[in-house]
Amino acid sequence: MAGKWRALNSPWASLLRNCYGQFSQTARGQLLTKCDTKLKCRTLAGLPEVRNKLSFAKQRFSTGQSTVDPKEMKKFQVLAHKWWDEEGQYAALHSMNDIRVPFIRDSALNLRNDPHLGSPLSGMKILDVGCGGGLLTEPLGRLGASVTGIDPLEDNIRTAEVHTAFDPDLAKRIQYKSCALEDIVEEASEQFDIVVASEVVEHVADVETFIKCCGEVLKPEGSLFITTINKTQLSYIFAIVVAERVLGIVPVGTHEWEKFIAPEELERLLESNGFSVKTVRGMLYNPLFGSWSWIENTSINYALHAVKSSMQEHLDPHEASQDVEKEEPQTEATIRTAA
């Protein structure tokens with residue numbers, strides 16, 4: 001009994017209570033006791049909160065650099081056949097659909113004036129980057145969108161294709177490709193209304209290259225949706241120590257804390273590459289009930305919605321000044337003619 005009270009009064013327990021205050025006292029006590037006996041991690045320095053707004057100069061992006069990390073490929077290779085096991089390693093991603101699909105749907109509908117009843121995303125072209133087995137691709141297709149799912153692992157794509165084939169009507173709206181994002185930049189330049197990168201950014205080789213590629217394939221004023229993990233001490237505790245080593249929600253080694261990214265840093269990269277960030281929302285996973293919910297705190301997981309700037313806003317200062325110079329003589333000539 002004394003051990004239990006020590007666990008409940010420890011620093012780790014305080015952190016757990018702040019994030020999981022909605023749990024019942026009994027369930028919370030069991031989780032805190034289990035975690036407090038196993039949590040052994042070093043003190044990690046948090047990122048300074050920086051938001052540096054930069055002007056964006058429009059220029060064609062070279063796809064010479066890869067966004068694919070070979071080490072990440074190996075991690076997911078062994079799980080390629082388990083995507084549709086709702087009780088397996090991807091159970092948390094299955095339940096995440098309960099909040100991420102409405103988030104994408106509602107945010108997209110707020111930007112259009114002609115929603116289609118029953119098929120709210122009808123007429124929209126969506127790119128699901130790092131689609132895996134199609135867990136998010138399929139529900140987006142059921143909302144009426146034309147969805148392209150891409151993933152560098154061929155086994156993931158085969159799993160997705162086999163599962164989608166069970167619904168012939170849905171299969172007509174979905175296509176899958178085994179490739180990296182940079183591989184389709186040229187052929188799909190400004191082709192998509194929406195790009196989705198859910199639980200992907202923390203696995204890519206270079207985040208800025210990834211963001212630039214997203215901008216290249218999006219239409220002007222198109223939407224980018226990202227869900228990922230913050231780079232904080234809490235994210236290390238929950239996403240790695242608790243999720244992987246204590247509760248076994250995901251396989252050990254799935255995540256690397258060094259590759260997590262703070263929302264402030266992600267916003268800076270987006271804004272410097274021609275995006276306007278509209279929404280950043282905190283997400284919390286309840287391992288006892290296997291469910292996700294929205295919260296104000298973004299310390300662990302968060303979702304982000306950004307919109308690509310219009311073509312006019314993409315012009316750099318030099319191009320803009322040239323356009324003004326071209327227009328001025330025309331204006332003077334018009335005035336002289338009118339006189």
Side-chain angles (χ1 to χ4, degrees), residues 51-63 65 67 100-101 103-115 120-131 136-137 140 143 145-150 177 179-201 204 206-228 261 263-281 302-320 323:
R51 185 169 182 171
N52 182 18
K53 292 181 177 289
L54 303 173
S55 61
F56 176 72
K58 176 68 175 176
Q59 54 182 296
R60 184 56 56 188
F61 174 63
S62 172
T63 58
Q65 189 169 356
T67 61
R100 62 180 174 177
V101 172
F103 176 65
I104 296 169
R105 178 199 63 203
D106 296 343
S107 299
L109 290 180
N110 286 336
L111 299 177
R112 67 184 296 180
N113 299 320
D114 58 340
L121 300 185
S122 178
M124 289 191 173
K125 296 186 67 175
I126 299 179
L127 179 66
D128 184 8
V129 184
C131 65
L136 182 55
T137 316
L140 293 176
L143 291 175
S146 173
V147 191
T148 299
I150 63 171
K177 294 182 179 181
C179 65
L181 176 57
E182 62 271 15
D183 295 334
I184 66 166
V185 165
E186 294 299 329
E187 67 181 72
S189 179
E190 298 191 341
Q191 183 179 117
F192 295 96
D193 301 288
I194 295 173
V195 171
V196 178
S198 186
E199 306 307 295
V200 172
V201 172
V204 302
D206 184 89
V207 177
E208 184 162 17
T209 299
F210 184 83
I211 295 300
K212 288 180 178 179
C213 288
C214 288
E216 287 294 323
V217 300
L218 265 176
K219 296 177 181 178
E221 300 184 1
S223 289
L224 172 62
F225 293 94
I226 293 174
T227 68
T228 189
I261 184 167
E264 297 83 9
E265 174 64 12
L266 186 55
E267 286 186 59
R268 184 190 68 79
L269 289 175
L270 287 163
E271 290 171 354
S272 65
N273 284 282
F275 285 91
S276 174
V277 177
K278 300 299 182 182
T279 307
V280 180
R281 302 180 67 179
Y302 63 96
L304 181 148
H305 173 214
V307 174
K308 178 181 175 180
S309 302
S310 66
M311 291 300 294
Q312 184 63 34
E313 292 173 313
H314 281 176
L315 290 176
D316 63 28
H318 178 67
E319 291 173 330
D323 289 343

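Just so it is clear, the values below take in all heavy atoms, side chains as well, and ignore hydrogens, waters and symmetry mates.
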Backbone N or O of [Y] within a donor-acceptor pair of the [X] side chain at under 3.5 Å?
| X | Y | answer |
| --- | --- | --- |
| S309 | G274 | yes |
| K308 | G215 | yes |
| S189 | E186 | no |

[X] to [Y] - nearest heavy-atom pair and separation:
| X | Y | value |
| --- | --- | --- |
| G149 | C131 | C-SG, 3.5 Å |
| L269 | I211 | O-CG2, 4.2 Å |
| S310 | P220 | CA-CB, 4.1 Å |
| Y302 | L266 | OH-CD2, 3.7 Å |

Looking at [atom1] of [X] and [atom2] of [Y], how far apart are the two atoms once the value is rounded to the nearest 0.5 Å?
| X | Y | atom1 | atom2 | answer |
| --- | --- | --- | --- | --- |
| L304 | T279 | CG | OG1 | 8.0 Å |
| I226 | F210 | CD1 | CZ | 6.5 Å |
| E267 | E264 | CD | CD | 6.5 Å |
| F275 | H305 | CZ | NE2 | 10.0 Å |
| S223 | N110 | OG | CG | 10.0 Å |
| T67 | K212 | OG1 | NZ | 13.0 Å |

### Query
Of I194, L218, L181, which meets side chain to side chain contact (heavy atoms under 4.5 Å, CB included) against L127?
L181
With sequence neighbours excluded, what pairs up with [X] under the side-chain hydrogen bond (donor to acceptor under 3.5 Å, both in side chains) test?
| X | result |
| --- | --- |
| D106 | none |
| E221 | none |
| S198 | R100, T227 |
| S146 | none |

### Query
Which is it for E182 and T209 under the side chain to side chain contact (heavy atoms under 4.5 Å, CB included) test, yes or no, and what are the steps along the way?
CA-CA 9 Å; E182 62 271 15; T209 299; 5.7 Å; no
### K177: partners by salt bridge (Lys or Arg N to Asp or Glu O under 4.0 Å), with sequence neighbours left out
E187
### Message
Going by the rule salt bridge (Lys or Arg N to Asp or Glu O under 4.0 Å), which residues pair with K219 if we only count those two or more places apart in sequence or in a different chain?
### Response
D193
### Query
Just wondering, do I184 and T148 contact through their side chains at under 4.5 Å, heavy atoms?
no
### Task
State, yes or no, whether a side-chain contact exists between E199 and L136 at a heavy-atom distance under 4.5 Å.
no
### Query
Going by the angle between their ring planes, with limits at 30° and 60°, are F225 and F103 parallel, tilted or perpendicular?
perpendicular
### Message
One pair to check against side chain to side chain contact (heavy atoms under 4.5 Å, CB included): V217 and V129. What are the steps and the verdict?
### Response
CA-CA 11 Å; V217 300; V129 184; over 6 Å; no
### Task
Show your working on side chain to side chain contact (heavy atoms under 4.5 Å, CB included) between L143 and M124 and close with a plain yes or no.
CA-CA 10 Å; L143 291 175; M124 289 191 173; over 6 Å; no
